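The chain is numbered in sequence order, starting from 1. In this text the structure is predicted, and so the values were computed from the model without any measurement. All values below come from the heavy atoms of this structure, side chains included, with hydrogens, waters and symmetry mates left out.
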Amino acid sequence: MSKELLGALSALEEEKGIKQEVVIEALEAALVSAYKRNYGQAQNVEVSFDANKGEMHVYAVKTVVEEVTDDQLQESLDDALEINKGYELGDEIKFEVTPKNFGRIAAQTAKQVIMQRVREAERENVFDEYSKYEDELVTGTVERQDSRFVYINLGKVEAVMGPKDQLPNEVYRPQDRIKVYVTKVENATKGPQVFVSRTAPGMLKRLFEQEVPEIYDGTVEIVSIAREAGDRAKVAVRSNNLDIDPVGTAVGPRGQRVQTIVNELHGENMDIVEWDEDDAAYIANSLNPAEVIDVIFDDDNERACTVIVPDYQLSLAIGKKGQNARLAAKLTSFKIDIKSETEAKEFFANKEAAAADDQSVEDSQPDTPTDQGDSSEETGADQSDDQSNSDESDQGSVD
């Protein structure tokens, strides 16, 4: 058994990267429990493993005391001095108590410990590997699907993709190879759990980095993404080089770059807009393809505005079921109210008229009279005079 055990320890260190010292430490702790369980012993014991010979020895550990109250845990000072004159009170003495058939128990325990360590090491290695891929794009193979998840094989681990992370217009068939975005990696009790998505905005960013070298190297930067996965997305870009057009670079010659991404996402439409430091210009760009006449900001709310568009482009600016306006609001983080040119004229005309009416009402209010104040003062003075006369009269009668 000793040669087999030493060989197994060496193989673990070479193949799995598990150090022998770690396994031996766990093995010694497991053998202590096995000894107490199999031999009904409650005393303090230690197991020593000789890594050179592969031999195991069990020792009962006793403490040197003046008077013994528990012979399984204590040894008298007189008996200790017979063993060695150097022992003192409080010292520990080890007595070998290795059973004759302990080798069989040790072999079984060693097998269990090694298998457990192998599983733990594999889990840790997989977790360490895939935690590096968090927020990254990976390619996997669809294995199966149930009511909760689509299960995707990433190589060493099986990832899961929930309903909210699945594109509504996609069908996932076994053996299909797909690109997924790693949203989270958890080190669960049953092993590493990897969660992936096809709907996360981060996936869109990684796809652009793959297709557009200028975005990958930072020459063109993605500032914001608003996405309704499977239907439409808006991407705001800016250039860190004045000579490079960010929108044209992202779209590519004849739209080839963005079309590759659209194909990967099974027809999800893309609007690439230019980010601008000026909020009004940025909001106008975000409503592409609609034309914007003016952007008026709300005095009471700095993150709200009214956008005025030509009458014939109102439906285009709002979009189907409000999608264009909704995505523009997400992209810019502004609350956007869209009005046609005619609606805007009527709205602001009514607003001005209401303000003028309020002002005229204020101007027509009469001034508050002050006669009551004068009367009160006079009354107060009269009362003061009466009180003075009363005081004089009182003083006279007292005298």
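Ile222 and Trp275 are members of different hydrophobic clusters when ILVMFWY side chains are connected at heavy-atom separations under 4.5 Å. A continuous path of Ile, Leu, Val, Met, Phe, Trp and Tyr side chains, each step under 4.5 Å between heavy atoms, connects Val180 with Val182, placing both in one hydrophobic cluster. Cluster annotation: Met270 is not connected to Leu327 through the hydrophobic network of ILVMFWY side chains, with a link wherever side-chain heavy atoms come within less than 4.5 Å. Residue Tyr172 is grouped with residue Ile152 when hydrophobic side chains (ILVMFWY) are merged at heavy-atom distances under 4.5 angstrom, including chains of intermediate members. One hydrophobic cluster, built from ILVMFWY side chains closer than 4.5 Å, cannot hold both Ile215 and Val273; they sit in different ones.
Shortest non-hydrogen contact noted between Gly230 and Pro168 is CA-CD, 4.3 Å. Contact record, Asn169 with Leu265: ND2-O, 4.3 Å, taken as the closest heavy-atom pair. Nearest heavy atom pair, residue Tyr130 against residue Val185, reads O-CG2, 3.4 Å. In this structure, Thr139 and Leu154 approach most closely via the heavy-atom pair O-CD2, 4.2 Å. For Gln210 against Leu137, the heavy-atom pair with the smallest separation is NE2-CD2, 3.6 Å. Arg173 approaches Val142 most closely through the heavy-atom pair O-CB, 3.3 Å.
The closest side-chain heavy-atom distance from Ser224 to Tyr282 is below 4.5 Å. Within the 4.5 Å cutoff, the side chain of Glu209 has heavy atoms near those of the Lys205 side chain. The shortest distance between side-chain heavy atoms of Gln313 and Val292 does not fall below 4.5 Å. With contacts defined as side-chain heavy-atom distances shorter than 4.5 Å, the pair Val68/Val65 qualifies.
Proximity of a side-chain donor or acceptor of Asn288 to a complementary backbone N or O of Ile272 within less than 3.5 Å is not detected. At distances below 3.5 Å, not a single donor-acceptor pair connects side-chain atoms of Thr63 with backbone N or O atoms of Gly90. A side-chain donor-acceptor contact under 3.5 Å links Ser239 to the backbone of Ile244. Judged purely by atom type and a 3.5 angstrom limit, Asp91 uses its side chain to pair as donor or acceptor with the backbone of Glu88. Distance alone, capped at 3.5 Å, is enough to place a donor-acceptor pair between the Asn263 side chain and the Gln259 backbone. Proximity of a side-chain donor or acceptor of Gln74 to a complementary backbone N or O of Thr69 within less than 3.5 Å is detected. A distance-only check finds no donor-acceptor pair linking the side chain of Asp176 to the backbone of Thr141 [under 3.5 Å]. Between the side chain of Asp165 and the backbone N or O of Arg198, no donor-acceptor pair lies under 3.5 Å. Panel note: side chain Arg303, backbone Lys335; no donor-acceptor pair is recorded below 3.5 Å. At least one donor-acceptor pair closer than 3.5 Å links the side chain of Thr260 to the backbone N or O of Gln256.
No side-chain donor-acceptor contact under 3.5 Å links Ser340 and Thr342. Side-chain contact annotation: Tyr216 with Glu214, donor-acceptor N/O pair under 3.5 Å absent. With 3.5 Å as the limit, one finds a donor-acceptor pair spanning the side chains of Glu143 and Asn153. A donor and an acceptor atom, one from each side chain of Ser76 and Asp78, are nowhere located under 3.5 Å apart.
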Exercise for the section: For Phe297 and Thr306, run side chain to side chain contact (heavy atoms under 4.5 Å, CB included): C-alpha distance rounded to whole Å, both residues' side-chain angles, the deciding distance at 0.1 Å, then the answer. Expected result: CA-CA 6 Å; Phe297 293 95; Thr306 300; over 6 Å; no
Practice task
Dump the intermediate steps for side chain to side chain contact (heavy atoms under 4.5 Å, CB included) on Leu77 and Leu89, then the final yes or no.
Solution key: CA-CA 7 Å; Leu77 180 59; Leu89 292 174; 4.0 Å; yes
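For Lys184 and Glu186, the salt-bridge test passes: some basic side-chain N is under 4.0 Å from an acidic carboxylate O. The existence of a salt bridge linking Asp337 and Lys339 is confirmed by a sub-4.0 Å separation between a basic side-chain nitrogen and an acidic carboxylate oxygen. Using a 4.0 Å cut-off between a side-chain N of Lys or Arg and a carboxylate O of Asp or Glu, Glu228 and Lys234 do not qualify as a salt bridge. Salt-bridge formation is detected for the pair Glu268/Arg227: a Lys NZ or Arg NE/NH1/NH2 atom is positioned less than 4.0 Å from an Asp or Glu carboxylate oxygen. With respect to Glu274 and Arg238, no salt bridge is recorded, no charged nitrogen being found less than 4.0 Å from a carboxylate O. Classification of Arg232 and Asp271 as a salt-bridged pair holds, one side-chain N sitting under 4.0 Å from a carboxylate O.
The OH atom of Tyr87 sits 10.0 Å away from atom CD of Glu92, with the distance rounded to the nearest 0.5 Å. If you take CZ on Phe149 and CD on Glu158, they are separated by 11.0 Å, rounding to the nearest 0.5 Å. One distance of note links CG of Asp217 with CG of Asn240; it measures 9.5 Å at 0.5 Å rounding. Summarising the geometry, atom CD1 belonging to Ile336 is positioned 12.5 Å from atom CZ belonging to Arg326; distances are rounded to the nearest 0.5 Å. In this structure, the separation between CE on Met161 and OH on Tyr181 is 15.0 Å, given to the nearest 0.5 Å. A distance of 5.0 Å separates CD1 of Ile225 from CG of Leu204, quoted to the nearest 0.5 Å.
When each of Val295, Leu331, Thr332, Asn324 is paired with Leu287, the side chain to side chain contact (heavy atoms under 4.5 Å, CB included) condition holds for Asn324 and for no other. Results of the salt bridge (charged side-chain N to carboxylate O under 4.0 Å, His left out) test with Arg206 over Glu136, Glu211, Glu264 single out Glu136 as the only residue that passes.
Annotation: Tyr133, atom OH; neighbour count of heavy atoms from other residues, nucleotides and ligands within 6.0 Å does not exceed 12.
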